Engineer: 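Okay, handing you the structure first.
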Amino acid sequence: MTLSEDLKWRGLIKDKTFADIKWLDTPRTFYHGVDASADSMTIGNLAAMMTARRLLDSGWKAVLLAGGATSLVGDPGGKNEERELKPREEIQKNVQAIKGQISMLFAGKEFALVDNYDWFKDVGYLEFLREVGKHYSMTELMQRDFVTERMGEGGSGISYAEFSYSLIQGYDYWQLYKNHGVELQIGGSDQWGNMLSGVPLIRKKENAEVHALSMPLVVNKATGVKFGKSESGAVWLDPARTSPTQFYQFWINVDDADAEEYLKVFTLLPKEKIEELISRHKAAPAERIAQTALAAEVTKLVHGQDAVDFAQTITEYLVGHRPIEEADDAAMQEVRQALPGFKAQPGVPVIEALVGTGLASSNTEARRLVQNKAVYVNGEQFQKDHLEAGDFKNGRLMLRRGKAYKDSALIELV
RNA sequence: GCAGGGAUACUCAAGCGGCCAACGAGGGCUGACUGUAAAUCAGCUGGCAUUUGCCUACGGGGGUUCGAAUCCCUCUCCCUGCACCA
């Protein structure tokens, strides 16, 4: 199967500037930019990263860009109000962290990693206006969606800085074309307008034809919510923010309706394998075959095979296939690392344990959970107000909020 | 610069002196049913305490009042119109 056929089958092509998708089948050099306003990517970024990986695997050369400069200004897209400006030191730290994550994801592959701050820091304002600004038509910029949304009735306004974002991204593309021979930019469809911005610029400056390709945003089919940061619990790639076990559990918990799409978007499994998994899944949905495969694959890509084995072991404890009191010292080390933990005396109020583990964010919320019978201890619904000595087995117990195992924590006696 | 309109909780959006921790919708959390799924139905959705209490909150600051999200002053930001404009 060719690259273009594969991308099409996976539903990764939304808009493109080239007429025939076969254009993708001749390897060239592409780039993809990541926002650096946080110090870790989320699974929202992962979707585009996986597409980058597919191009890479088909012989394309990759230039990955961490947006040290663009994050200083703030991307106006997808947001209905002006962003807070962040200090440069913070952005620089973020860039370093994101570079690290990219290196992990593409370990063993050849790719270039750049930071647009490196070329923007020396660009003068006048120079920029003459070289770049001159080529942008105000009339055309004013018609951009992000501009009309922000400026019309009910809009929250837009600053000149954010308005200029598009030009900055166009300039990036131009620099990458000149210095790295980049001929394609990929990204999520929310970036389409910005990605397009460099295409005419390069045509005018270099008399060259370059392209852009956007992929649909991953959306939860049931709730319609965009994947990534906006959902209450963002799922981060940084193991310090989202432990590999929680990461694994997130994928296990995915809706049936979404599992097929996620297999296509987030894993490198070939078409035949995915189709086989889906048909097996449909035959026996309760076995969650699709989710299990998805979780294993994605966790492996992001955190490595060891993390998968580890997460699967922890899951045995979570689900109760292995009682937690039987875990040996080595296993306990791992459990402690994977789950939120809390040390307590016998007789601690359940509320205190819920808050202490982060399963509830406040005492009030913890009380609500108790009232709603949402507390489980060692897999059983728990009705008492205190964790008594008898509830602990071998000095420990598993506390859970709700019935999904992903929200579990380990409570140990002091 | 002048005039008018606006800023309400995660989002949208009511309220326009006491009955407002604030209608409604979406989102989120939870329960029942299930399969760590969906759909459906139900509850919850500022915090602390917990049996009618307290604190914080309706853009910021100040004031009027027994009492303000609601009235007045002022500042910031947004929108509309006019004026100005290389």
Side-chain angles (χ1 to χ4, degrees), chain A residues 76 78-85 129 133 138 147-163 219-235 245-263 277-278 280-296 299 311-312 314-321 339 349-352 354-355 358-376 378-383 385 398-409:
Chain A
K79 244 315 203 184
N80 52 10
E81 55 185 46
E82 188 82 8
R83 299 196 179 190
E84 293 279 327
L85 285 180
L129 291 179
M138 207 58 196
V147 177
T148 54
E149 273 165 30
R150 293 271 292 262
M151 288 181 73
E153 183 117 28
S156 57
I158 183 166
S159 68
Y160 186 72
E162 286 201 12
F163 178 78
V219 165
N220 183 308
K221 282 198 176 50
T223 60
V225 176
K226 190 173 141 185
F227 224 43
K229 278 189 258 190
S230 50
E231 276 191 89
S232 64
V235 179
T245 300
Q246 289 166 321
F247 186 85
Y248 178 86
Q249 281 292 324
F250 168 83
W251 295 102
I252 289 283
N253 199 231
V254 154
D255 303 355
D256 287 359
D258 290 319
E260 179 171 357
E261 182 189 350
Y262 294 172
L263 278 169
L277 284 167
I278 293 301
R280 277 171 54 207
H281 182 267
K282 283 188 175 147
E287 286 178 38
R288 307 180 78 79
I289 290 163
Q291 284 92 336
T292 312
L294 177 68
T299 308
Q312 284 170 341
I314 301 294
T315 298
E316 303 264 281
Y317 290 115
L318 287 180
V319 199
H321 288 169
L339 301 177
V350 173
I351 290 167
E352 195 180 321
L354 285 168
V355 175
L359 292 180
S361 60
S362 68
N363 291 354
T364 305
E365 189 188 345
R367 282 200 190 87
R368 268 201 294 274
L369 290 171
V370 171
Q371 272 167 15
N372 290 343
K373 301 195 191 78
V375 181
Y376 296 76
N378 292 329
E380 301 290 324
Q381 223 164 33
F382 193 73
Q383 307 276 13
D385 290 334
M398 289 290 234
L399 185 68
R400 196 171 87 225
R401 181 199 76 195
K403 56 185 182 160
Y405 299 107
K406 63 185 165 63
D407 301 309
S408 296

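Not measured: the values here are computed from a predicted model.
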Engineer: Under 4.0 Å: is that the gap between some side-chain N or O of A:Lys373 and OP1 or OP2 of B:A32?
Structural biologist: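 For B:A32, neither OP1 nor OP2 has a side-chain N or O of A:Lys373 closer than 4.0 Å.
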Engineer: Can you tell me the base-pairing partner of B:G53? Count Watson-Crick or G-U wobble geometry only, both distances below 3.5 Å, and say none if there is no partner.
Structural biologist: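 Pair assignment: B:G53 / B:C48.
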Engineer: Kindly point out which of B:A32, B:G35, B:U45 is positioned nearest to the side chain of A:Gln381?
Structural biologist: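 The nucleotide sitting nearest to the side chain is B:A32.
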Engineer: Does B:A42 pair with anything, Watson-Crick or G-U wobble, both distances under 3.5 Å, and if so, with which nucleotide?
Structural biologist: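 The answer is B:U30, by the H-bond criterion.
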Engineer: Please evaluate the base of B:U36 for a donor-acceptor partner in the side chain of A:Gln249 within a cut-off of under 3.5 Å?
Structural biologist: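 Such a pair is found, so the answer is yes.
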Engineer: Which nucleotide in the set B:G31, B:G47, B:A38 lies at the smallest distance from any side-chain heavy atom of A:Thr364?
Structural biologist: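 The closest nucleotide is B:G47.
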Engineer: What distance, rounded to whole Å, do you find between the two P atoms, one in B:C58 and one in B:A7?
Structural biologist: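 After rounding to an integer number of Å, I get 14 Å for this pair.
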Engineer: B:A37 P sits how many Å from A:Lys406 NZ, rounded?
Structural biologist: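 Roughly 9 Å, once rounded to whole Å.
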Engineer: Look at the side-chain N and O atoms of A:Asn363 and state whether any lies under 4.0 Å from the OP1 or OP2 oxygen of B:A49.
Structural biologist: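 Indeed, a polar side-chain atom of A:Asn363 lies that close.
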Engineer: Paired with B:C19 by Watson-Crick or G-U wobble geometry, both distances under 3.5 Å: which nucleotide is it?
Structural biologist: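 Pairing partner, where one exists within any strand: none, as none qualifies.
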Engineer: May I ask you to evaluate whether A:Arg288 reaches the phosphate of B:U36, defined as a side-chain N or O under 4.0 Å from OP1 or OP2?
Structural biologist: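 Looking at the OP1 and OP2 atoms of B:U36, neither is under 4.0 Å from any side-chain N or O of A:Arg288.
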Engineer: To the side chain of A:Asp256, which of B:U36, B:U34, B:G35 is closest?
Structural biologist: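 The nucleotide sitting nearest to the side chain is B:G35.
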Engineer: Should A:Ser362 be listed as having a side-chain N or O under 4.0 Å from OP1 or OP2 of B:G46?
Structural biologist: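 Answer no for this pair, as no side-chain N or O of A:Ser362 is under 4.0 Å from OP1 or OP2.
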Engineer: Could you state the atom-to-atom distance from CD of A:Glu365 to C1' of B:U45 in whole Å?
Structural biologist: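 It is 9 Å, rounded to the nearest whole Å.
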Engineer: What are the two closest non-hydrogen atoms of A:Ile278 and A:Ala290, and how far apart are they?
Structural biologist: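 In this case the closest contact between A:Ile278 and A:Ala290 is CD1-CB, 4.4 Å.
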Engineer: Sort out the partner of B:A37 for me: Watson-Crick or G-U wobble, both distances under 3.5 Å, none otherwise.
Structural biologist: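 Matched B:A37 with nothing under the 3.5 Å cut-off.
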Engineer: Which nucleotide in the list B:U36, B:C44, B:U30 gets nearest to the side chain of A:Arg368?
Structural biologist: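 Of the candidates, B:C44 comes closest.
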Engineer: Please give the distance between the P atoms of B:G28 and B:C20 as a whole number of Å.
Structural biologist: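 Their P atoms lie roughly 28 Å apart.
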Engineer: On RNA chain B, nearest-nucleotide positions of A:Ala374 versus A:Val319: which is more 5'?
Structural biologist: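 In this pair, the answer is A:Ala374.
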Engineer: Choose from B:U36, B:A37, B:G35 the nucleotide whose nearest atom is closest to any side-chain atom of A:Pro285.
Structural biologist: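 From the listed options, B:G35 comes nearest.
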Engineer: Taking all atoms of both residues into account, what is the closest heavy-atom pair of A:Arg280 and A:Ile289, and its distance?
Structural biologist: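 The pair with the smallest heavy-atom distance is O-CD1, 3.8 Å.
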Engineer: Taking the nucleotide of RNA chain B with the nearest heavy atom to each, does A:Val375 or A:Glu287 sit closer to the 5' end?
Structural biologist: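 In this pair, the answer is A:Val375.
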Engineer: For B:G31 and A:Tyr376 - does any side-chain N or O of the residue sit under 4.0 Å from the phosphate oxygens OP1/OP2?
Structural biologist: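 Checking B:G31 against A:Tyr376, a side-chain N or O does come within under 4.0 Å of OP1 or OP2.
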Engineer: Please give the distance between the P atoms of B:C85 and B:C10 as a whole number of Å.
Structural biologist: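 Each nucleotide's P atom is 45 Å from the other's.
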Engineer: With a 3.5 Å limit on both atom pairs, tell me what B:C12 is paired to, counting Watson-Crick and G-U wobble, or say none.
Structural biologist: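 Across all strands, the one nucleotide that pairs with B:C12 is B:G24.
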Engineer: Please state the P separation for the pair B:A9 and B:A22 - nearest whole angstrom.
Structural biologist: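 Nearest-Å result for B:A9 against B:A22 at atom P: 15 Å.
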Engineer: Does any nucleotide pair with B:U80 by Watson-Crick or G-U wobble geometry, both distances under 3.5 Å, and what is it?
Structural biologist: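 Partner of B:U80: B:A3.
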Engineer: Measure from the side chain of A:Gln291, starting at C-beta and using heavy atoms only, and say which of B:U36, B:G35, B:U34 lies closest.
Structural biologist: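 Side chain of A:Gln291 sits closest to B:G35.
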Engineer: Quick one: label A:Tyr248 by what it contacts on the DNA or RNA (base, sugar-phosphate, nothing), any heavy atom closer than 4.0 Å.
Structural biologist: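 No contact.
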Engineer: If the cut-off is 4.0 Å, is A:Gln246 near the phosphate of B:U36, judged by side-chain N/O to OP1 or OP2?
Structural biologist: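 No, no such contact exists.
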